[in-house]
Amino acid sequence: MNPIEPPRLDRRTAIKWMMTAAASMAVMDHVSSGAAPAAISAKGYGMDPDLLKGYNPGDVWPLTFNSKQKRVTVALCDVMIPADEKSPKASDLGVPDFIDEWISSPYPGQAGDRKIVTEGLAWIDAESQKRFQRDFADIKPEQQTAICDAICNPAAAKPEHKAAVAFFKRFRDLTAGGYYTTPQGMRDIGYVGNVAMASFEGPTPEVLRHIGLA
Amino acid sequence: MPHITSDKTKPTYDVIVVGSGASGGQTAYTLTMEGAKVLMLEAGRNYDPVTETAMFQINSQAPLRGVATPDKQREFYDASPNSGWTIPGEPYTNATKDPQRQFRWWRSRQLGGRSNHWGRIALRNGPYDFKPYSRDGLGFDWPISYDDVAPYYDKVEMLIGVFGTNDGMENSPDSSPGVLLPAPKFRAGELLARHHGKKVGIPVISCRRAVLSVKQDADRIPAKLHPGNAKAQRLLAESMRLRAACFWATDCHRGCSIRANYQSPTVHLPPALASGNLDIVTHAMAREVTVNDQGKATGVVYIDKITKQEHRVSARAVVLAASSQETVRLLLNSKSNRFPQGLANSSGKVGKYITDSVASSFSGQFPVLESLPAHNEDGAVGGPHAYIPWWLYGDQKAGKLGFPRGYHVEFSFGRKMPGMAAVTGFDSLTGRAGYAYGKQFKDDARRFYGSTQGFTAQGAMVPNEDCYSELDPTVKDQWGIPVLRYHWKWSEHEIKQVAHQQKMIAALIEAMGGRYTRKTETDGAKVIRDGGSVIHEVGGAIMGADPRSSVTDKWSRTWDVKNLYVADGGVFANTASKNPTLTIMALAWRAADHLLDEMKKGNI
């Protein structure tokens with residue numbers, strides 16, 4: 001049980017968003033082809049899966065991103081989590097494939113995200129075309145930042161960007177979930193457990209000092 | 001071989017035990033150690049924690065980063081194959097669609113049942129908990145007192161291994177000297193809670209959990225548990241030596257391949273099987289307890305889920321340990337001319353007075369825990385090292401609180417293995433507008449990861465007439481067995497208690513210098529969890545002193561059928577502010593002792 005609930009779009013916001021997205025897609029012919037999510041017919045892993053084997057995205061159900069969706073996902077993942085001196089960028093850790101696995105899931109828990117992500121990715125590319133005449137993956141970093149800055153703050157975003165803002169947050173959280181569950185991601189934020197130890201010694205003296213209980 | 005198929009069962013047994021979890025495991029253990037021939041029926045498949053547990057797997061190795069799905073309804077790696085709130089072909093129903101009156105029922109369909117994935121929190125009921133009516137005039141007194149159960153608490157704790165401390169707290173009894181294993185050190189957030197809790201009068205003490213903080217003493221304990229029984233001592237010692245001490249990694253909810261925590265298939269069942277006195281049939285869905293013309297139980301009818309065939313097995317006695325609600329269902333489905341309203345139901349109380357823990361959660365974010373130096377605080381993963389026992393007995397007795405029963409509080413610590421939500425929800429903490437991304441987001445993640453701590457209160461419910469189960473008049477499961485229909489309604493006692501839970505957790509968060517992760521809630525009805533959702537549902541075959549108002553006597557034996565016992569949580573006359581599993585095991589051992597005694601005397 002994690003004390004912080006995973007973020008969810010409430011139903012009213014989701015419906016509004018979908019209506020906005022549908023309306024904007026109607027006037028964007030170049031986006032609508034291939035962007036509307038098809039229904040998932042694959043099956044899940046069943047109630048008695050093998051827990052010992054390692055699973056990769058695509059092992060249990062097929063991935064469904066087309067090449068255009070995949071390109072924008074890679075680019076946007078790396079804007080969300082770029083490389084720095086401590087850890088690699090999101091696409092180096094397989095996060096785009098994880099997002100593909102997530103939105104291709106046959107389970108109801110991911111169905112909402114499938115719609116949000118596929119339509120949001122189409123919006124991002126369309127916005128990039130509109131402003132910079134290229135796909136999001138092909139524009140300069142400062143141009144990518146300009147698009148993201150317009151949709152990363154619900155209080156400051158234009159009303160017509162409301163749907164894109166919701167997409168932005170959900171996509172960032174999926175990227176983060178995919179990233180910080182990998183060995184490199186876990187190490188980055190300081191999770192150093194999951195190793196067998198002869199004894200449990202509690203917090204180190206340094207930690208005790210930090211929390212004022214030394 | 002002790003694991004057998006339906007066609008290999010013996011013509012008759014001393015005892016049939018329905019269920020293989022904490023209560024069934026304890027019952028079979030006690031009986032077979034004393035030489036009784038036992039057949040155990042389990043509705044799920046065989047399950048071996050030693051070879052099946054996902055030790056050390058991380059979430060990026062699981063589909064969907066391990067989040068719960070309709071196929072794995074807790075987490076991917078949780079030790080609960082084929083189990084959940086909904087199981088295809090095995091429905092239950094609620095009498096109303098009112099969202100405030102829903103009951104949720106977790107079923108485990110595997111050898112060992114829920115004992116495989118419980119939180120291992122092993123708290124004793126105290127003296128007040130057995131006599132609540134005498135204290136506050138509500139609910140029911142048990143027909144037994146704490147002193148009747150205390151020796152069995154000691155025995156179960158020694159058998160399964162429980163860490164903790166004796167703190168001399170009111171109504172949270174100490175164990176006998178030498179019984180408990182050493183308690184692990186507290187984690188950072190738990191130390192903070194203990195230190196700052198004092199400011200608001202909230203005591204934080206070592207939690208008790210069924211985890212081996214050190215190896216058990218296999219030279220000493222078997223002789224204490226089985227005096228004069230050399231074979232039992234040898235079998236238990238051999239089994240104990242197979243159990244390793246906790247190596248402070250991998251979540252207990254996954255089960256434990258090194259047998260460091262208690263689960264029935266690694267602790268109760270190995271010595272029972274080694275005795276040669278136990279046969280186990282898995283995939284056996286019990287449908288009915290059969291009776292003869294004298295009103296004695298003669299055996300059990302079950303459906304073999306593999307062959308789809310119906311089987312009848314017979315024994316001198318039957319013990320129901322199927323989990324409280326499956327036991328209720330079995331009794332109500334065991335109708336005959338002699339028992340037209342179901343077996344052991346002359347009182348009409350089968351299915352009545354179901355209780356669950358009264359639960360609500362709240363979490364805080366603690367600036368002092370931000371940017372902590374990386375350190376390993378896994379410990380006995382998946383559960384607290386510290387907790388808050390109910391402490392306001394005096395105020396409650398004096399009528400100052402406005403609700404009759406208490407609660408305890410468990411912590412969920414922050415620096416656990418990251419899952420999907422490990423670094424989300426921090427935007428509001430940064431003081432900046434909007435959603436961070438890029439380098440800023442990575443810095444935020446490093447700063448805030450592990451700085452939140454969750455608190456879950458679980459309290460005692462007063463049994464009421466509105467919480468019960470009965471047979472649904474029309475719905476049957478895939479085996480043609482009528483299913484349970486639930487009625488549920490929290491009373492004012494619980495709603496008020498939850499409001500207090502929220503208030504006190506908020507006070508603790510403030511004392512610790514934390515911020516709330518949501519608005520504080522003063523209306524208990526808005527945050528109380530659904531009935532059953534804590535998976536502590538008990539009652540439905542309650543123990544009492546009067547056959548007209550209870551289902552079993554003080555030995556957990558049904559009033560109506562002298563060779564039929566209920567060993568699971570069904571017998572709970574009242575919940576306590578303590579998790580029920582340890583008490584279930586203690587009462588199961590006690591009931592098995594009584595059954596052995598009755599068989600020896602020739603009464604059964």
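Since this is a predicted model, take the numbers as computed values, not measurements. Proteins get letters first, then strands, A, B, ... in listed order; numbering begins at 1 in each.
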Below 4.5 Å from any heavy atom of chain A, which atoms of [X] appear? Answer side chain, backbone, both or neither.
X: B:V214; value: neither
X: B:H385; value: side chain
X: B:S213; value: neither
X: B:D444; value: neither
X: B:Q73; value: side chain
X: B:R74; value: neither

Tell me, out of [options], who's got the most heavy-atom pairs with chain B below 4.5 Å.
options: A:N56, A:D149, A:L93; value: A:D149
options: A:C152, A:G54, A:G109; value: A:C152
options: A:T145, A:D50, A:D78; value: A:T145
options: A:C148, A:G185, A:P57; value: A:C148
options: A:G44, A:S199, A:A198, A:A176; value: A:S199
options: A:I151, A:V60, A:T182; value: A:T182

Exercise for the section: Test A:Y55 against B:Q57 for side chain to side chain contact (heavy atoms under 4.5 Å, CB included), laying out the working first. Expected result: CA-CA 11 Å; A:Y55 293 84; B:Q57 268 80 351; over 6 Å; no
For [X], is it the side chain, the backbone, both or neither that has a heavy atom under 4.5 Å from a heavy atom of chain B?
X: A:L213; value: side chain
X: A:D59; value: neither
X: A:Q144; value: neither
X: A:E201; value: both
X: A:T175; value: neither
X: A:V79; value: both
X: A:S105; value: side chain
X: A:A83; value: backbone
X: A:L208; value: side chain
X: A:P183; value: both
X: A:A155; value: neither

Heavy-atom pairs under 4.5 Å with chain A are the metric here; pick the option from [options] that has the most.
options: B:Q365, B:R65, B:E52, B:M417; answer: B:R65
options: B:R109, B:M55, B:R45; answer: B:R45
options: B:G379, B:S83, B:P373; answer: B:P373
options: B:G66, B:A436, B:G450, B:A62; answer: B:A436

State, yes or no, whether a side-chain contact exists between [X] and [Y] at a heavy-atom distance under 4.5 Å.
X: A:L76; Y: B:Y437; result: no
X: B:R187; Y: A:P203; result: no
X: B:Q110; Y: A:D48; result: no
X: B:D378; Y: A:M197; result: no
X: A:M47; Y: B:P70; result: no
X: B:K442; Y: A:S87; result: yes
X: B:W248; Y: A:V195; result: no

Rounded at 0.5 Å granularity, tell me how far [atom1] in [X] sits from [atom2] in [Y].
X: A:F200; Y: B:F186; atom1: CZ; atom2: CZ; value: 11.0 Å
X: B:H375; Y: A:H210; atom1: NE2; atom2: NE2; value: 10.0 Å
X: B:R432; Y: A:N153; atom1: CZ; atom2: CG; value: 11.0 Å
X: B:R447; Y: A:I189; atom1: CZ; atom2: CD1; value: 15.0 Å
X: B:T51; Y: A:L52; atom1: OG1; atom2: CG; value: 7.5 Å
X: A:M186; Y: B:N59; atom1: CE; atom2: CG; value: 8.0 Å

Nearest non-hydrogen partners of [X] and [Y], listed with the distance:
X: A:A196; Y: B:F56; value: N-CE2, 3.9 Å
X: B:D71; Y: A:Y107; value: OD2-OH, 2.5 Å
X: A:V207; Y: B:A188; value: CG1-CB, 4.3 Å
X: B:N376; Y: A:V192; value: N-CG2, 3.5 Å
X: A:F168; Y: B:Y435; value: CE2-O, 4.0 Å
X: B:L64; Y: A:E101; value: N-OE1, 3.1 Å

Practice task
Would you confirm whether B:Q61, through its side chain, and A:K53, through its main-chain N or O, come within 3.5 Å as a donor-acceptor pair?
Solution key: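 Checked: no pair found.
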Exercise for the section: Answer yes or no: is there a donor N or O on one side and an acceptor on the other, between the side chain of B:R415 and the main chain of A:G190, under 3.5 Å? Expected result: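 Answer holds: yes.
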Handout entry: A:R134 CZ: over 12 foreign heavy atoms closer than 6.0 Å
Key =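 Check fails, neighbour count at 12 or below.
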Exercise for the section: Please report the C-alpha distance between B:K72 and A:Y45 in whole Å, then the side-chain angles of each, then the deciding distance to 0.1 Å, and finally whether the side chain to side chain contact (heavy atoms under 4.5 Å, CB included) criterion is met. Expected result: CA-CA 9 Å; B:K72 286 302 299 285; A:Y45 45 69; 3.8 Å; yes
Practice task
Decide side chain to side chain contact (heavy atoms under 4.5 Å, CB included) for B:F366 and A:I211; before the verdict, give the C-alpha distance in whole Å, the side-chain angles of both, and the deciding distance to 0.1 Å.
Solution key: CA-CA 10 Å; B:F366 300 91; A:I211 62 174; over 6 Å; no
Handout entry: Charged N-O contact under 4.0 Å between B:R446 and A:D84
Key =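 A salt bridge links B:R446 with A:D84.
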Handout entry: Pair A:R172 + B:D427: basic N to acidic O under 4.0 Å
Key =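 A salt bridge links A:R172 with B:D427.
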Exercise for the section: Just say parallel, tilted or perpendicular for the rings of B:Y449 and A:Y191, cut-offs at 30° and 60°. Expected result: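 If you compare the ring of B:Y449 with that of A:Y191, the planes turn out perpendicular.
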Exercise for the section: Any chance you could lay out the side chain to side chain contact (heavy atoms under 4.5 Å, CB included) test for A:N194 and B:K416, step after step, and finish with the verdict? Expected result: CA-CA 9 Å; A:N194 205 35; B:K416 63 177 193 174; over 6 Å; no
